[in-house]
Structures are given as structure tokens and as C-alpha cells.
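So the structure is just underneath, and the comments pick up after that.
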Amino acid sequence: MTTHHGVRRSVLAACAWGTAAIAGVTLLGAASIVLSGWLVSGVEMANGDRRTAVERSSIGDYFGGVSAVFSGLALILLVITLLLQHYEIRQQRHELALQREELAASRDELRRSAESDLRALHVQLTQLAMDDPALAEVWNDFPDEPPHILRQNLFANLTFSHYLLVYKWGEVSEAELIARARTLVQSAAFRHYWAASRSAKEVLPLDSDEGRLFRIFERAMQESRQPDVPPSP
């Protein structure tokens, strides 16, 4: 809202300067006409009549000089007006750029807020499924599993989703995620979850955040199966 008011003020200021310049040129023109008439009258009174004044070429040179002065003043006013309008336009563009940045930041914040709400809902649903295995059968992600294994798989999936959200928001680097994944895959419960869910994750798009996170955990899982091989950087 502040940016809109600033842009409006800039446009009004530019219009005001343009109007002032036009009024100034008009006033100068009117003043030159009045002054010219006054000068002609004065010359006529001093020389007797208009014919005598016209015969004197010096008066024409005099009026030419006066006209040049007023033309110069009008040109200066026009240049000043153009410069002020150029400055106002630059300010307006700067304010519009700031407005676009604010809108982009607002969209990012709204997206993060929506993801947080979805994350909270996912946690609640997982908690319900962990508390009641009958509800977990609705998802049917891990069929024919004993209740305690089912709860472990659901918690492991919740942990993977947590790392996905942290990775998507850029809170941790890929190197930090690899280090955490190496620790997590040492758990037999997590390895069991990984074996049960691997087929669903390996078909994820390679350029998606979840696909990249899957490859990070898959690398850590392969390294855990080959303890003699040094971890990849």
C-alpha cells in the first residue's frame, strides 16, 4: 500500500512540474507581448510616430535581443522540466521494482506457511495412524506388518518427510543431509522402512526435491552395506 502511494505521488509530481512549465512559458509569452507593446509605445512617444521608429534599425535589433532572452528562458524551463520528469520516472521505476520484490517475498512466505500447515496436518494424521493400526490400514502403505513395525515405519516416514521439508527450505546443505542420513541408516528399523518404501521412491522425478533426497539416502544406504569403502564426499 505504501508503494502505491509513492508511485501516485511521483506521477502527480511529474504532472505538476509539467503544468508549471507550461504555465511558466505561457506567462513569459504574455509578458513579452505586454513588454513589446510598452516598448513600442515608448519608442513612438520618443520619436514622434511609428514610421520614424520603424526607420531606425536599432530598435529591431533591440527587440531581437529581448526575444532571444525570453526564448532562452523558455528553453531553460523546458530542460528543467524534462530533467525533473526523468527523475520522477526513475523514482517510479525504483518503487515498482521494490513492490515486485515485496510481492515475491510475500508469495514465498505464503508458500512456506502453507507447507508448514500441510506438515502439521501430516504429523497429526501420522500420529492417529500410529495410535490406531486400524486407521493405518486406510493408507495401506505397509500392509501385513505387525503393529510395532507399522508404527516404526510411520515414524521413519515422518522423519524422511521432515528432512525433505528442511532440505526444500534450504535450511541444511546436501553435505549435512548426507552426514545425517549416514547416521540414520545405521538403524535397523529405518533400513526396514527403506526396503519397504524404496520402490515407491525410486520412480520420483530426478529433478524434484524428494527425488534428490531419495538419492542422498540411497547413497548413504549403499555406503552402509560396504563399510570398507570410504564415504563419498
Side-chain angles (χ1 to χ4, degrees), residues 3 94 96-233:
T3 304
H94 178 67
L96 288 175
L98 292 178
Q99 181 182 8
R100 287 193 295 268
E101 292 178 358
E102 291 175 358
L103 289 175
S106 298
R107 285 195 298 268
D108 291 340
E109 188 64 28
L110 288 174
R111 179 181 58 83
R112 290 171 69 98
S113 178
E115 289 180 349
S116 296
D117 292 340
L118 289 175
R119 172 66 175 170
L121 179 60
H122 180 230
V123 172
Q124 292 177 4
L125 292 175
T126 302
Q127 183 64 47
L128 290 173
M130 292 172 64
D131 293 339
D132 188 353
L135 296 179
E137 294 178 1
V138 176
W139 283 348
N140 198 32
D141 290 335
F142 308 101
D144 303 326
E145 293 281 12
H148 73 284
I149 298 296
L150 178 60
R151 286 193 292 270
Q152 290 176 351
N153 287 344
L154 291 173
F155 183 79
N157 186 67
L158 197 62
T159 303
F160 182 83
S161 299
H162 168 73
Y163 282 125
L164 174 61
L165 191 62
V166 171
Y167 179 57
K168 183 183 297 185
W169 285 358
E171 300 293 336
V172 295
S173 64
E174 185 171 331
E176 292 174 326
L177 272 178
I178 292 175
R180 297 183 184 185
R182 287 170 182 158
T183 302
L184 195 58
V185 298
Q186 301 300 319
S187 167
F190 188 85
R191 289 198 301 270
H192 181 83
Y193 154 77
W194 195 257
S197 62
R198 185 180 183 281
S199 59
K201 289 182 171 58
E202 63 182 356
V203 297
L204 294 169
L206 297 178
D207 58 344
S208 65
D209 293 325
E210 192 170 0
R212 285 190 288 268
L213 185 62
F214 164 74
R215 292 195 299 275
I216 290 174
F217 273 81
E218 185 69 10
R219 184 194 312 173
M221 188 67 68
Q222 292 176 359
E223 291 173 357
S224 68
R225 300 192 187 102
Q226 301 174 353
D228 296 334
V229 178
S232 58

(Q) side chain to side chain contact (heavy atoms under 4.5 Å, CB included) for Glu101 and Leu98? Distances and angles first, verdict last. (A) CA-CA 5 Å; Glu101 292 178 358; Leu98 292 178; 3.9 Å; yes
**Q.** Phe214 and Trp194, any side-chain heavy atoms less than 4.5 Å apart
**A.** yes
Q: Give a yes or no answer on whether the side chain of Arg191 reaches the backbone of Val185 with a donor-acceptor pair at less than 3.5 Å.
A: yes
Q. Is there a side-chain contact between Leu110 and Arg107, using heavy atoms and a 4.5 Å cut-off?
A. no
Q | Backbone of Glu218 reached by a side-chain donor or acceptor of Arg198 within 3.5 Å | A | no
Q | Stepwise side chain to side chain contact (heavy atoms under 4.5 Å, CB included) test for Thr126 and Asn157 | A | CA-CA 9 Å; Thr126 302; Asn157 186 67; 5.7 Å; no
**Q.** From Phe155 atom CZ to Gln127 atom CD, the distance as rounded to the nearest 0.5 Å
**A.** 10.0 Å
Q) In terms of heavy-atom contacts, does CG of Asp144 have more than 12 from other residues, nucleotides or ligands at under 6.0 Å? A) no
Q.
When you measure from the side chain of Ser224 to the backbone of Met221, do you find a donor-acceptor pair of N or O atoms at a distance under 3.5 Å?
A. yes
Q.
Pair Glu210, Leu213 - check side chain to side chain contact (heavy atoms under 4.5 Å, CB included), show working.
A. CA-CA 5 Å; Glu210 192 170 0; Leu213 185 62; 5.6 Å; no
Q) Does a side-chain heavy-atom distance below 4.5 Å link Leu96 with Gln99? A) yes
Q: Decide side chain to side chain contact (heavy atoms under 4.5 Å, CB included) for Tyr193 and Phe142; before the verdict, give the C-alpha distance in whole Å, the side-chain angles of both, and the deciding distance to 0.1 Å.
A: CA-CA 9 Å; Tyr193 154 77; Phe142 308 101; 3.7 Å; yes
Q: Could you grab the distance from atom OG of Ser197 to atom NE2 of His192, nearest 0.5 Å is fine?
A: 10.0 Å
**Q.** Met130 to Arg151 - nearest heavy-atom pair and separation
**A.** O-CD, 3.0 Å
Q: Locate the shortest heavy-atom distance separating Ser208 from Pro205; write the atom from each residue and the value.
A: OG-O, 2.7 Å
Q: Identify the two heavy atoms, one from Leu150 and one from Glu145, that lie closest to each other, and give their separation to 0.1 Å.
A: N-CB, 4.3 Å
Q. Does Arg212 come within less than 4.0 Å of Glu174, counting only side-chain N to carboxylate O?
A. no
(Q) Would you call the rings of Tyr163 and Phe217 parallel, tilted or perpendicular, taking 30° and 60° as the class edges? (A) tilted
Q.
Please give me the minimum heavy-atom distance between Asn153 and Ala189, naming the atom from each residue.
A. OD1-O, 4.4 Å
**Q.** Smallest separation among heavy atoms of Ile216 and Ile178, with atom names
**A.** CG2-CG1, 3.6 Å
